[in-house]
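Heads up: the structure comes next, in structure tokens.
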Amino acid sequence: MSELKLYNSLSKEKEAFVPINEGSVGMYVCGPTVYSDVHLGNIRTFMSFDIIYRYLKFHGHKVRYVRNITDVGHLVGDVDEGEDKIAKRAKLEELEPMEVVQKYTNGFREMMRIFNISDPSIEPTATGHMIEQIEMIQQIIDNGYGYVQNGSVYFDTQKFNDDKGSYGNLSGRVLDELLTETRDLKNQSEKRNPGDFAIWMKADERHLMKWKSQWSEGFPGWHLECSAMSTKYLGKHFDIHGGGNDLKFPHHENEVAQNEAACGCAPAKYWLHANMLLMNGRKMSKSDGNTISAQDLFSGKSEHVSKGYSPMVVRFFMLMAHYRSTLDLSDTALLAAEKGYKKLMEAKRFLQQVNHEETGSISDVDKRANEMVDGVFDELNDDFNTPKALARLFELVPIVNSYKDNKPTFRDVSKQTIDKLKKCFSDVLETIMGLKDDQDSEASGTDALDGVMQLVLDLRQQARANKDWATADKIRDDLAAYEIVIKDGKEGTNWSYN
RNA sequence: GGUCGGGUGGCCGAGCGGUUAGGCAGUGGUCUGCAAAACCAUCUACGGCAGUUCGAAUCUGCUCCCGACCUCCA
């Protein structure tokens, strides 16, 4: 099997994945700011890193996965300069800031659960790490890369770049260009250079969330929490840092600078960036309202969709595109994903219950199936190429279905091949891609229903034997009203939920 | 304006120098009481213009569109 390669945003190349410490992997992913409901764009990013997390574990790595909750410190845009995003929301809803944080954190966790996105090993919050952040700021000052102005602390990008020459390496920015581009921001006059950024902000009286520090009563800068928390839980130098593409600059660039300035080394070996989810050809974003909520997607109550889609269909839809590509959400694309998802799940379901007797001989079909299964993992090893892996799986479906249809050629396959297919479908679909079978949950606890359905199907079979098509069709049509689909096959009739 | 990334068949989406991507939709067939499903076959492509090459969707140049970032953002 091929070795795992991943695309490193830092080198802009695919590199072989070699953990810093063999056997254990440290991974940090920038989590959500909990000031409103998560939307599908967030979900796609966390899903992408969930696949990566799952795949690393599948490879036998012990992974410590840290994904933070940002519950303070990000300033809002033009309108409410200097006001904390969470504090703003709190005033709006007349809630205590931490009440807002709790509400949307709960909502976020619930959504992660619905989409079957794994819990991280540690989910630290920014407010819970105020001491670490203040310590890191002091370290940056001590090392000569931070300066205090009127109770606020700024990062000296110019000095940092002169000494290390690395500011902008990750995002491809050039400091000199940034200087001329930077617009007028709050307290711009306090900075030595326009490219400098705040690592501690002095708060005014009406500011709701503030903490005491040696510089002033205030709050930490926008990029500091990730630097402090990744260092605390994963060390100064760890394997993977991930996040959305839109965080590359300034967030990740500044994070790198802060870590180097404080600890003297680059935080992450590999930087991974997930691309944006689009709708109407534009980035889905809660800031500008170009968004559809997950709830509306499930219920179908939105102008953007013709019907509701299950969370697993949405998950599958997202995995049909590579994590580094943009993905355009549309009703027709979701419809296609739904059909594809069902097709794959049906094949998986069949494999799980098939009882194959050993035939002994290894046929051409065996060889082909084996190559194709290996191919699935080759694709995943190639920077987690889920769309290609799924394509390989789809190519295996006709083999599975031919077996199901009792075609002699495919019945000749060996037991090893069937077992390998069985394992491949379950490993890839469930363990790695985290796709649950919608039918498992829908049909659970329905022993009685199974019995009733068997009876109904028996009666319908009798009708059919008597060529009483009217009765047979009535049963089929009436069951359709309950989303139950009847399929007449060679081996008898079976049923499933639509 | 600066930096970067895209434009692939009806739709979504891989590929990134020579090979069928794949899914959905369409078409023809097999099967079926009829359907559905399944199976087999099949039609639509690489924004435009030049160039490099035996050969380009894939490399180069120009050009036209679109997007992201530069400000909180996944």
Side-chain angles (χ1 to χ4, degrees), chain A residues 12 29-33 35 38-49 70 73-81 83-85 88 168 171-174 177-178 180-186 222 242-251 253 273-278 281-288 316-317 320-322 324-344 346-347 379 385-395 397-398 400-402 404-405 407 410 464 467-469 472-473 476-477 480 485-490 494 496 498:
Chain A
K12 295 178 176 59
V29 172
C30 295
T33 305
Y35 65 92
V38 258
H39 70 104
L40 288 165
N42 297 272
I43 287 163
R44 158 129 115 131
T45 296
F46 300 129
M47 194 181 288
S48 297
F49 287 103
T70 295
H74 287 201
L75 297 174
V76 275
D78 332 311
V79 203
D80 303 273
E81 271 188 83
E83 200 173 0
D84 189 288
K85 211 168 211 178
K88 183 195 171 199
S171 61
R173 311 274 157 165
V174 178
E177 287 169 4
L178 280 172
T180 54
E181 291 158 19
T182 312
R183 302 178 207 173
D184 280 344
L185 288 171
K186 192 185 177 241
W222 321 324
N245 215 216
D246 50 352
L247 295 184
K248 211 187 259 181
F249 189 88
H251 184 63
E253 193 66 64
H273 287 99
N275 217 139
M276 301 293 102
L277 179 65
L278 309 181
R282 282 187 307 119
K283 175 183 165 185
M284 224 187 234
S285 157
K286 39 186 171 183
S287 318
D288 63 17
F316 184 80
F317 161 73
M320 294 262 280
H322 188 93
R324 280 193 291 117
S325 302
T326 53
L327 169 63
D328 215 330
L329 182 112
S330 68
D331 192 50
T332 46
L334 283 163
L335 230 32
E338 184 173 57
K339 290 253 195 173
Y341 165 77
K342 283 183 178 166
K343 191 174 182 176
L344 236 35
E346 197 141 329
E379 303 302 357
N385 198 328
T386 54
K388 265 193 131 183
L390 286 171
R392 296 292 90 82
L393 239 39
F394 273 116
E395 283 167 348
V397 169
V400 175
N401 284 333
S402 299
K404 190 162 71 174
D405 284 353
K407 296 240 169 84
F410 299 106
R464 292 179 74 209
K467 296 200 191 300
D468 180 3
W469 310 129
D473 289 352
R476 185 173 64 198
D477 295 344
V485 184
I486 298 278
K487 291 175 190 169
D488 294 326
K490 282 206 180 75
N494 54 41
S496 63
N498 187 21

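Chain naming here is simple, since letters A, B, ... match the order of the sequence lines and numbering starts at 1 in each.
Take the nearest nucleotide of RNA chain B for A/K388 and for A/P250: the residue whose nucleotide is more 5' is A/K388. Between A/Y341 and A/S171, the residue anchored closer to the 5' end of RNA chain B is A/S171, taking for each the nucleotide with the nearest heavy atom.
Remark: B/A25 base-pairs with no nucleotide; criterion is Watson-Crick or G-U wobble with both hydrogen-bond distances under 3.5 Å. In this structure B/U44 sits in no base pair that meets the Watson-Crick or G-U test at under 3.5 Å. Across all strands shown, B/C49 forms a Watson-Crick or G-U wobble pair with B/G61, both key distances being under 3.5 Å. In this structure, B/A38 forms a base pair with B/U30, meeting either the Watson-Crick or the G-U wobble geometry with both donor-acceptor distances under 3.5 Å. With a 3.5 Å ceiling on both atom-pair distances, B/A56 lacks any Watson-Crick or G-U wobble partner. B/G2 is paired with B/C69 under the criterion used here, namely a Watson-Crick or G-U wobble arrangement in which both key atom distances are under 3.5 Å.
The shortest distance between the side-chain N/O atoms of A/N401 and the OP1/OP2 oxygens of B/C39 is below 4.0 Å. Remark: A/N385 is in phosphate contact with B/G15, judged by side-chain N or O atoms under 4.0 Å from OP1 or OP2. Considering only side-chain N and O atoms, A/K343 lies under 4.0 angstrom from the phosphate OP1 or OP2 of B/C24. A close approach under 4.0 Å does not occur between any side-chain nitrogen or oxygen of A/T326 and OP1 or OP2 of B/A68.
Nucleotides B/G28 and B/U60 have their C1' atoms positioned 44 Å apart, rounded to a whole Å. On the P atoms, B/G1 is 44 Å away from B/C24, given to the nearest whole Å. Taking atom P on both nucleotides, B/G67 is separated from B/U30 by 49 Å, rounded to a whole Å. Rounded to the nearest Å, the gap between the C1' atom of B/C46 and that of B/G9 is 8 Å.
Shown here for A/R476 and A/I486, the closest heavy-atom pair between the two residues is CG-CB, 3.9 Å.
A/N275 has its side chain out of reach of A/L327: every pair of non-hydrogen atoms, C-beta onward, lies at least 4.5 Å apart. In this structure, A/L390 and A/E379 have side chains that are not in contact, with every pair of non-hydrogen atoms separated by 4.5 Å or more.
Nucleic acid contact class of A/A321 (heavy atoms, under 4.0 Å, all strands): sugar-phosphate only. The residue A/R476 sits close to a base: some heavy atom pair falls under 4.0 Å. A/G281 comes within contact range of the sugar-phosphate backbone alone, with a heavy-atom separation under 4.0 Å but no base atom that close. Counting non-hydrogen atoms under 4.0 angstrom, A/K339 reaches the backbone sugars and phosphates but no base. Among the protein residues, A/E395 comes within range of the sugar-phosphate backbone only, with heavy atoms under 4.0 Å from sugar or phosphate atoms but none that close to a base. Among the atoms of the strands shown, base atoms are found under 4.0 Å from some heavy atom of A/A336. The residue A/I43 sits apart from the nucleic acid: no heavy atom pair falls under 4.0 Å. Residue A/H322 is in sugar-phosphate contact alone, with no base atom involved, counting any heavy-atom pair closer than 4.0 Å across all strands shown. Contact annotation for A/S285: base contact, defined as any heavy-atom pair under 4.0 Å involving a base atom. Across all strands, A/S48 comes closer than 4.0 Å to no nucleic acid atom at all (heavy-atom distances). Here A/L335 lies out of heavy-atom contact (under 4.0 Å) with every strand. Nucleic acid contact for A/I486: base, since at least one base atom lies under 4.0 Å from a heavy atom of the residue.
When the nucleotides B/G33, B/G22, B/C69 are ranked by their closest atom to the side chain of A/R173, B/C69 comes out on top. Side-chain proximity of A/L327 to B/C12, B/A36, B/G33: nearest is B/C12. Distance from the side chain of A/W222 is smallest for B/C72 among the nucleotides B/C72, B/G23, B/G13. With B/C73, B/C69, B/G13 as the choices, the nucleotide that has an atom nearest any side-chain atom of A/L247 turns out to be B/C73. For A/D488, the listed nucleotide lying nearest its side chain is B/C34; candidates were B/C34, B/C70, B/C12.
Distance A/F249 CZ to B/A68 P: 18 Å, rounded to the nearest Å. B/A25 atom C1' lies 13 Å from atom CG of A/D331, rounded to whole Å. Atom CG in A/D328 sits about 11 Å away from atom C1' in B/G13, given to the nearest Å.
Evaluation of A/W469 against the base of B/G33 yields a stacking contact (centre distance < 5.5 Å, interplanar angle < 30°).
Look at A/K343 and A/E346 and you find no salt bridge, because none of the NZ, NE, NH1 or NH2 atoms lies under 4.0 Å from a carboxylate O.
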